[in-house]
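The first residue in the sequence is number 1, and the count goes up from there. Scope of the values below: all heavy atoms of this structure, side chains included, with no hydrogens, waters or symmetry mates.
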Amino acid sequence: MPETIPCASAPAALLDRRPAQAGPLPATRPRPDDFRSRIGVDVAGGFYPAPHRYQVFLSRGCPRSLRVSLTLDLLRLGDSVTTVFLPSPAATGSLRGAYEATRHRYDGPLTVPALCDRWSGRVVSNHTPDILRDLADHLGDQGGGGLPRLRPRALAADIDALGELIDTRIVQAARRAATDRAPQGRAEALETLLGALDLLDGRLAGGPYALGDELTAADVDLWVALVHLDAVDRPRLAADAARLVSRHDRLRSYVRRLGDHPAFRGHHAPAAR
């Protein structure tokens, strides 16, 4: 079975209603290596939200793993949800066992982030957005004990919409702007990336966080994307393009300010390769 450990991953009305230009959205049809069970207490929820029941497998340097790790720290779930970092022989073997216990004769990739049920030894989900929602909605005490409300009901649709914008118009566009073999493809992706950065930089003029005055899951998504952009994608851009990406003063200040938050401090993006 492959030893590869890749990072896994309909919004409401987008914050900016112009059509995204970062290429087509991924197909929604589940892949054979998709695991999409959920934590919940209703009929649709197959796993009860009990403390100390779950563990998450993460990979250092993986942006989606970083989002999960930050969410655990913000919600102070470190004592309730076990975190296992790969690669290591023991962790890889444990993760492989969870995939095989979940799907008979599974021979796909060992995808992380992966949320696993320690009671049954099975994978609950390797779909990062679902993992983040379940941590916030079912395992975290939102707003209790001074903790942030990462997914307040009134902002849930905007959080999901902004996450889609970040994924298509920052993460995917930055990758294409740095690696597309066609000059026109790189230019179009750069235009998409700069448009998204301009939009988000302007939004920060109205409040300290991505969606106003309250730190939410949108800030986890945005901060990780910006840190990864600066550390990995920007150094691979042409010099003029890199300067254009760096001109957004509010976004740069935002990254530094959140980086001083106790939950964000010490988390870093992978070095450029």
Give a yes/no verdict on a cation-pi contact between Arg103 and Phe35, requiring under 6.0 Å between NZ or CZ and the six-membered ring centre and an angle within 45° of the axis.
yes
Looking at side-chain heavy atoms only, is the closest gap between Leu226 and Tyr254 below 4.5 Å?
yes
Is the shortest distance from a Lys or Arg side-chain nitrogen in Arg252 or Asp230 to a carboxylate oxygen in the other one below 4.0 Å?
no
Report the C-alpha distance between His138 and Arg38 in whole Å, list the side-chain angles of each, state the deciding distance to 0.1 Å, and finish with yes or no for side-chain contact (heavy atoms from CB on, under 4.5 Å).
CA-CA 10 Å; His138 298 298; Arg38 301 294 299 272; 5.7 Å; no
So do Leu258 and Leu215 actually touch side chain to side chain, heavy atoms under 4.5 Å?
yes
Starting from the C-alpha separation in whole Å, work towards a yes-or-no answer on side-chain contact (heavy atoms from CB on, under 4.5 Å) for Asp198 and Arg247.
CA-CA 9 Å; Asp198 288 345; Arg247 71 186 179 185; 3.4 Å; yes
Could you tell me which residues satisfy side-chain hydrogen bond (donor to acceptor under 3.5 Å, both in side chains) with Ser253, sequence neighbours excluded, listed by chain and number?
none
Given His248 and Leu200, is the side-chain contact (heavy atoms from CB on, under 4.5 Å) satisfied, shown in steps?
CA-CA 9 Å; His248 301 86; Leu200 294 168; over 6 Å; no
Below 30° counts as parallel, above 60° as perpendicular, anything between as tilted: where do the rings of Tyr54 and Phe47 land?
perpendicular
Check whether the side chains of Thr82 and Arg118 place a donor and an acceptor atom closer than 3.5 Å, and report yes or no.
yes
Identify whether the distance between the nearest side-chain nitrogen and carboxylate oxygen of Asp117 and Arg53 falls below 4.0 Å.
yes
Within the 4.5 Å heavy-atom criterion, are Leu193 and Leu229 side-chain neighbours or not?
yes
Counting C-beta onward and ignoring hydrogens, is there a side-chain heavy-atom pair between Leu190 and Arg186 closer than 4.5 Å?
no
Steps toward side-chain contact (heavy atoms from CB on, under 4.5 Å) verdict (Arg257, Phe264)
CA-CA 10 Å; Arg257 178 164 44 81; Phe264 289 77; over 6 Å; no
Would you say that Val81 contacts Val56 through its side chain, given a criterion of any heavy-atom pair below 4.5 Å between the two side chains?
yes
Is there side-chain contact between Phe85 and Thr83, with at least one heavy-atom pair below 4.5 Å?
yes
Atom pair OG (Ser80) and CG (Leu75), whose distance is rounded to the nearest 0.5 Å:
10.5 Å
